[in-house]
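Protein chains get the first letters and strands the later ones, always in sequence-line order, with residue 1 at the start of each.
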Amino acid sequence: MFIEFKTEVEHVLKEALEKASYEYKELELAESDHADISSRVAFALAGNYKKSPKSIAEEIVKHIALPTDETLISSAAAAGPYINFYVNDLYLHKTLLRIKEGTNSTDEKKKGKIIIEHTSANPDGPLHIGHLRNAIIGDGLARVLKRAGYDVETQYYVNDMGRQIAVVVWGAERITIATNKKPDHAVVDVYIAANRMVEEKEGYLSEIKALMGNYESGDEAVVKKYETVVNKSLSGIKESLKRLNIQHDRFVFESKFVREGAVEAVVKELLQKGNVKRDGAALLLQLEGIEKELVIRRTDGTLLYTTRDLAYHRWKSSRCDRMIDVFGKDHELVSQQLTKALELMDVRAPEFVIFAFVSLPTGSVSTRAGRYISADELMEKIEERAYEEVDKRRNDLDGDMKREIARKVGIGALRYDMVKVSPEKHIVFVFEDALDIEKKGAPFVQYSHARACSILRAAAERGFLLEEYKYSELLPREESEKELIMKLAKFGYVVEGAALELKLHLVAKYARELAEMFNVFYKYCPVLNADDNLRKERLYLVDCTKTVLHNVLDVLGIEAPEEM
RNA sequence: GGGCCCGUGGCUUAGCAUGGAUAAAGCACCGGCCUUCUAAGCCGGGGAUCGCGGGUUCGAAUCCCGCCGGGUCCGCCA
C-alpha cells in the first residue's frame with residue numbers, strides 16, 4: 001500500500017510545484033524518521049531560485065491541495081527545508097484489506113521473463129559453503145523477482161565436460177566409487193584421490209587429455225562413463241539443494257551446445273567478427289578494454305568452458321527478456337570477457353550478481369585439495385544445534401515434531417545468515433558462529449509467526465471468528481498497532497526495491513523489523529482479552545501479520561513454523 | 001606489478017550508485033520485566049574523530065585525488 005501512497009504524494013507534489021511555478025528535476029522523495037515520506041526538493045531548487053530551502057518548502061506546502069475523497073494523505077507540512085507527508089486512517093484500513101484480498105504484493109503484474117542462473121557447481125563433488133552462498137543468493141533473488149511480478153526460470157548450468165570430470169572418470173577406473181555414501185561425497189573421494197595421483201606422476205596427465213579428446217569426438221563408451229559420474233554427483237547435489245528448499249526449474253548441460261554445433265557456430269562467428277589471433281590451432285580472442293585475451297580453442301583443438309558458455313548465453317538470451325548470473329568473485333574477469341564477447345555477437349549480456357568468497361579460518365576453500373566444509377555437514381550440524389534449542393523449550397512435544405521445527409529453524413537460520421550481508425562482503429566462515437543461532441535472524445521472525453499462529457489457534461478454540469469489518473471500526477488505540485500496520489504496508493514496496501536493486505538483504509532487514517513490530521504489539525495489545533470490537537479488529541490484524549510474515553519468509557526461502 | 005572489491009562502536013554489518021533533519025541495527029556488555037494470547041520475547045543504558053590525509057560543496061560516511069591495511073583475479077582450469 002505504501003507504493004500507492006507514494007504515487008499519490010508524487011502527484012500532489014508535482015501539482016504544487018507547477019502551481020508555484022518551480023522547474024524541478026526530481027521530487028527527491030525518501031522515507032524518513034520524521035514523516036511517512038519526505039521530500040528534499042527545496043534543497044535542489046534553492047540554488048537556482050536564490051532563495052532559502054526553508055522558504056521554498058513553505059511556499060510549496062501552501063500550494064499543496066489534497067484530494068477530498070479517497071486520499072491516503074492526512075497532511076503535508078514543511079519542517080524547515082523538508083516537506084513532510086503523513087498517511088491517514090484510510091491508508092491503514094486499505095493496507096489490511098489488501099492483505100486479506102491477497103493483493104498486497106504486486107504479483108498480479110507481468111513484467112517479462114527472467115532467466116536466473118545460480119549454483120552451477122561442477123559435478124565433481126558435494127556442494128560446499130561457497131556454493132551455498134551462491135545457491136541461497138540465487139534462489140532468494142528468484143523468489144524476490146517472482147514476487148515482484150516477473151516470470152522467473154532458474155537454471156543450473158552443468159559443466160559436464162570439463163577437465164575435472166575427466167579426472168573423476170579416469171580415477172574411477174582405478175579406485176572404486178563407494179556405494180554406501182551419499183553419491184556426491186563418493187564421487188569427490190575419487191576426485192581428490194585422482195588429483196593426488198595426477199600431481200605425483202606426470203604421465204597421467206596425458207591420459208586425461210586423451211580422455212577429453214575422446215569425449216569431445218563422441219566416443220560412446222567414454223560418454224557413458226562421463227554421464228554416470230555427472231548424474232551421480234548431480235543426484236547428491238539436488239538432494240542437498242532440496243534440503244535447503246531450493247529447486248531449479250531446469251538443468252542445462254553444456255555438452256548440449258557442443259553436440260548441437262552451437263559452440264562451433266560461436267567459434268566461426270567470433271573468427272568473423274572479432275579480433276582473433278591464431279597460435280597453431282589455438283584461437284585467442286582479443287577483447288576491447290581487457291588485457292587478457294580469451295582463449296576460445298586450445299592448441300590440441302579442444303574447446304574451453306568459456307566458449308561453451310558463450311553458446312549457452314546466446315541460447316538463454318533468445319528465451320527471455322533479462323538474464324541474471326550469480327557468480328563468485330573468481331569469475332569476475334570471465335564475466336567481463338563474456339560481456340564483451342557477447343557484444344561482438346550482438347547478444348545481450350547478462351546482469352551479474354557477483355559475490356565475494358566464503359573462506360575458512362585456515363584459508364580458501366578448495367574441493368580439489370579436499371579443503372572445504374560440505375553443505376551437508378553444515379546443515380546436519382545446524383539442525384542438531386537447533387534441536388537442542390527446541391528441546392530446551394518444548395518438552396511437551398514429541399520427537400518428530402521437535403525435529404521438524406528444528407529443521408525449519410536450522411535451515412532458516414542458515415539461509416537468513418547468508419542473505420543478510422551484501423554479496424560483495426567477504427565472509428570468513430567460522431563453524432561455531434554459524435551454529436550460534438542468532439537472536440534476530442530467521443528464528444526471531446519465525447518465532448513471531450508462531451506467536452501469531454498461536455493467538456489465532458487460541459481464538460478459534462474460544463469460538464472467536466475472523467469477521468469482515470468496516471472502515472469506521474478501524475481505530476488503532478495503541479501506537480504499536482499503528483506502527484505494525486505501517487510496516488505491513490511496506491511489504492510490496494520493499495519487494496519491489498529489492499527486485500530492482502537485486503538486493504536481498506533489504507528483505508531480510510524488513511522481515512526482522514516486521515517481526516519486531518509484531519512483538520511489541522504482542523506485548524502491549526492483548527487480543528483475546530480485549531473488548532469485543534477491539535478483539536475483532538486485533539484478531540484481523542494478527543491474521544494479516546501472519547500472512548505477511550509468512551510471505552516475507554517465503555521470499556527468503558524460509559519455512560514458517562506454526563509453532564516453535 | 002596491474003584490474004576489481006572491502007575498510008563504519010569490542011565483534012558482525014546497514015547506509016554510499018541519486019551528498020542533506022541527531023550515523024542505523026544485531027551480537028557482546030550493564031540494569032529492569034513472566035498471576036493476561038509461546039521470555040527464541042519486551043523496556044532502558046553505556047559505547048563510533050564512519051582506515052588515514054587532502055580537495056569539491058551552504059552541507060561529505062556518501063563525490064574527487066593520494067596513501068595505508070585486507071581480499072580476489074590476472075591458467076590453452078572451470
Side-chain angles (χ1 to χ4, degrees), chain A residues 25-26 28 30 32-35 38 40 42-44 46-47 52-53 79-82 84 120-122 124 159 161-165 254 279-284 290-306 308-309 328-334 336 354 356-357 359 364 368 386 389-390 392-394 409 417 420-428 433 436-448 450-459 462 501 505-506 508-509 512-513 515-516 518-520 522-530 538-539 542 563-564:
Chain A
K25 280 189 198 135
E26 297 275 342
E28 310 243 4
S32 162
D33 293 338
H34 307 269
S38 178
R40 298 186 305 247
F43 281 112
S52 75
Y82 298 90
N84 289 340
S120 302
N122 289 332
D124 54 14
N159 299 280
M161 55 187 305
R163 181 150 80 184
Q164 72 297 121
I165 305 305
E254 66 171 342
D279 180 4
L283 301 175
L284 310 163
I290 299 176
E291 208 180 322
K292 182 80 205 148
E293 70 251 336
L294 178 64
V295 181
I296 51 181
R297 195 168 70 194
R298 294 188 184 96
T299 309
D300 66 8
T302 56
L303 298 166
L304 286 98
Y305 151 83
T306 332
R308 299 188 285 264
D309 218 11
K329 196 131 180 39
D330 55 338
H331 279 56
E332 201 160 38
L333 179 62
V334 169
Q336 287 165 13
I354 304 273
F357 260 174
S359 61
S364 57
R368 195 184 342 181
E389 292 297 322
V390 179
K392 216 162 37 184
R393 294 162 228 263
R394 298 298 303 266
V409 170
D417 247 25
K420 70 174 184 196
V421 179
S422 294
E424 66 270 15
K425 228 91 171 180
H426 176 232
I427 296 177
V428 178
D433 290 356
D436 176 27
I437 294 179
E438 218 208 310
K439 280 189 181 143
K440 298 252 162 132
F444 177 76
V445 183
Q446 290 170 315
Y447 181 67
S448 305
R451 278 179 139 186
C453 291
S454 166
I455 293 179
L456 295 169
R457 264 197 311 270
R462 295 186 203 184
E501 303 184 38
H505 64 265
L506 296 176
K509 180 171 170 252
R512 203 193 64 225
E513 288 169 350
E516 198 172 332
F518 180 71
N519 281 332
V520 175
Y522 186 94
K523 170 87 178 169
Y524 295 108
C525 300
V527 177
L528 302 178
N529 295 330
R538 287 182 175 168
L539 220 41
V542 170
E563 60 180 306
M564 62 188 274

State, with a plain yes or no, whether a side-chain heavy atom of A:Ser448 is found less than 4.5 Å away from one of A:Glu516.
no
With a 4.0 Å cut-off on heavy atoms, is A:Asp417 in touch with a base, just the backbone sugar-phosphate, or nothing at all?
nothing
Can a donor-acceptor pair under 3.5 Å be found between the side-chain atoms of A:Ser32 and the base atoms of B:rA21?
yes
Please report, rounded to the nearest Å, how far the P atom of B:rG41 is from the CZ atom of A:Arg512.
12 Å
Interatomic distance where NE2 belongs to A:His331 and P belongs to B:rG71 [whole Å]:
21 Å
With a cut-off of less than 4.0 Å, is there a side-chain N or O of A:Arg298 near OP1 or OP2 of B:rC77?
yes
Hydrogens and angles aside, do A:Asn519 and A:Arg451 bring a side-chain donor and acceptor to less than 3.5 Å of each other?
yes
Does a side-chain heavy-atom distance below 4.5 Å link A:Thr306 with A:Val295?
no
Once you apply a heavy-atom cut-off of 4.0 Å, does A:Glu513 come out as touching a base, just sugar-phosphate, or nothing?
nothing
Please tabulate the protein-to-nucleotide N/O contacts below 3.5 Å involving nucleotides 35-40 of chain B, giving atom names and distances.
unit_1 : atom_1 : unit_2   : atom_2 : d
B:rU36 : O2'    : A:Asn529 : ND2    : 2.9
B:rC37 : O2     : A:Val527 : N      : 3.4
B:rC37 : O2     : A:Leu528 : N      : 3.1
B:rC37 : N3     : A:Val527 : N      : 3.0
B:rC37 : N4     : A:Tyr522 : O      : 2.5
B:rC37 : N4     : A:Cys525 : O      : 2.8
B:rU38 : OP1    : A:Ser454 : OG     : 2.1
B:rU38 : OP2    : A:Ser454 : OG     : 3.4
B:rU38 : O5'    : A:Tyr522 : OH     : 3.2
B:rU38 : O2'    : A:Tyr447 : OH     : 2.0
B:rU38 : O2     : A:Met564 : O      : 3.3
B:rU38 : N3     : A:Met564 : O      : 2.7
B:rU38 : O4     : A:Met564 : N      : 2.9
B:rA39 : OP2    : A:Arg451 : NH2    : 2.3
B:rA40 : OP2    : A:Arg393 : NH1    : 2.9
B:rA40 : O4'    : A:Arg393 : NH1    : 2.8

Give one of base, sugar-phosphate or nothing for A:Ser359, where a contact means two heavy atoms less than 4.0 Å apart.
nothing
Is the backbone of A:Leu303 close enough, under 3.5 Å, to the side chain of A:Arg297 for a donor and an acceptor to pair up by distance?
no
Using a heavy-atom cut-off of 4.0 Å across all strands, would you classify A:Lys329 as base, sugar-phosphate, or nothing?
base
Just so I know, are the side chains of A:Leu333 and A:Ile290 near enough to count as touching, which here means a heavy-atom distance under 4.5 Å?
yes
More 5' along RNA chain B: A:Asp33 or A:Glu516, using each one's nearest nucleotide?
A:Asp33
Taking NZ from A:Lys292 and C1' from B:rU72, how many angstroms apart are they, rounded to a whole number?
17 Å
Could you check how far CD of A:Glu254 sits from P of B:rC77, rounded to whole Å?
14 Å
Rounded distance in Å between the C1' positions of B:rG20 and B:rU62:
11 Å
Would you check if A:Phe357 stacks with the base of B:rG71, given a 5.5 Å centroid limit and a 30° plane limit, both strict?
no
note: A:Asn159, atom CG; B:rA78, atom P; distance rounded to Å ~ 8 Å
Measure the distance from CG on A:Leu294 to P on B:rC77 and round it to the nearest whole Å.
12 Å
Considering only nitrogen or oxygen atoms on both sides, find all protein atoms under 3.5 Å from nucleotides 14-16 of chain B and state each distance.
unit_1 : atom_1 : unit_2   : atom_2 : d
B:rA14 : OP1    : A:Ser422 : N      : 3.1
B:rA14 : OP1    : A:Ser422 : OG     : 2.5
B:rA14 : OP2    : A:Lys425 : NZ     : 2.4
B:rA14 : O3'    : A:His505 : NE2    : 3.3
B:rG15 : OP1    : A:His505 : NE2    : 3.1

At under 4.0 Å between heavy atoms, what does A:Arg538 touch on the DNA or RNA strands: base, sugar-phosphate, or nothing?
nothing
What are the two closest heavy atoms between A:Pro81 and A:Pro53, and how far apart are they?
CB-CB, 3.5 Å
Check RNA chain B for consecutive Watson-Crick or G-U pairs with both distances under 3.5 Å and list the runs of at least three as stems.
B:1-7 with B:68-74, B:10-13 with B:24-27, B:29-33 with B:41-45, B:51-55 with B:63-67
Any side-chain heavy-atom pair from A:Asp124 and A:Arg368 closer than 4.5 angstrom?
no
Is there a side-chain contact between A:Tyr522 and A:Val527, using heavy atoms and a 4.5 Å cut-off?
no
Return the nearest nucleotide to the side chain of A:Tyr305; candidates are B:rA21, B:rA78, B:rC43.
B:rA78
Base, sugar-phosphate, or nothing: which does A:Ala282 touch, judged by heavy atoms less than 4.0 Å apart?
base
Which is more 5' along RNA chain B, the nucleotide nearest A:Val334 or the one nearest A:Arg163? Just name the residue.
A:Arg163
C1' atom, B:rG54 versus B:rC68: distance in rounded Å?
15 Å
With A:Arg512, which residues qualify under side-chain contact (heavy atoms from CB on, under 4.5 Å), at least two apart?
A:Tyr416, A:Lys440, A:Phe444
Polar pairs (N or O, both sides) under 3.5 Å between protein and nucleotides 56-61 of chain B?
none

Whole angstrom value for the distance that separates P of B:rC73 from CD of A:Glu291:
17 Å
Expressed in whole Å, how much space separates the C1' atoms belonging to B:rC30 and B:rG9?
16 Å
Taking the same atom, P, in B:rA60 and in B:rC43, what whole-Å distance lies between them?
34 Å
Euclidean distance, atom CD of residue A:Glu332 to atom P of B:rG71 [Å, nearest integer]:
17 Å
Using atom P of each nucleotide, how far apart are B:rG51 and B:rA23 to the nearest Å?
15 Å
Hey, does the side chain of A:Asn519 come within less than 4.0 Å of B:rC42's phosphate (OP1/OP2), counting only N and O?
yes
Chi class for B:rC29: syn within 90° of 0, otherwise anti:
anti
Given B:rG71, B:rA21, B:rC76, which nucleotide is nearest the side-chain atoms of A:Leu304?
B:rC76
Sequence neighbours excluded, the answer for ring-ring contact (aromatic ring centres under 6.0 Å, His included) partners of A:His505 is none
Just checking A:Gly80: base, sugar-phosphate only, or nothing, at a heavy-atom cut-off of under 4.0 Å?
nothing
With a 3.5 Å distance limit and no angle check, can you tell me whether A:Ser422 reaches the backbone of A:Glu424 through a side-chain donor-acceptor pair?
no
How far does the C1' atom of B:rG19 sit from the matching atom of B:rG2, given to the nearest Å?
31 Å
Determine the interatomic distance between P on B:rA61 and the same-named atom on B:rG7; round to the nearest Å.
15 Å
Take atom C1' in B:rG31 and the same atom in B:rC16, then report the distance between them in whole Å.
36 Å
Look at the side chain of A:Asp300 and the base of B:rC76, then say whether one donor and one acceptor between them are separated by less than 3.5 Å.
no
Just verifying a value: how many Å separate A:Leu528 CG and A:Leu539 CG, rounded to the nearest 0.5 Å?
7.0 Å
Any side-chain heavy atom of A:Met564 within less than 4.5 Å of one from A:Val390?
no
Sugar-phosphate, base or nothing in reach of A:Asp124, heavy atoms under 4.0 Å:
nothing
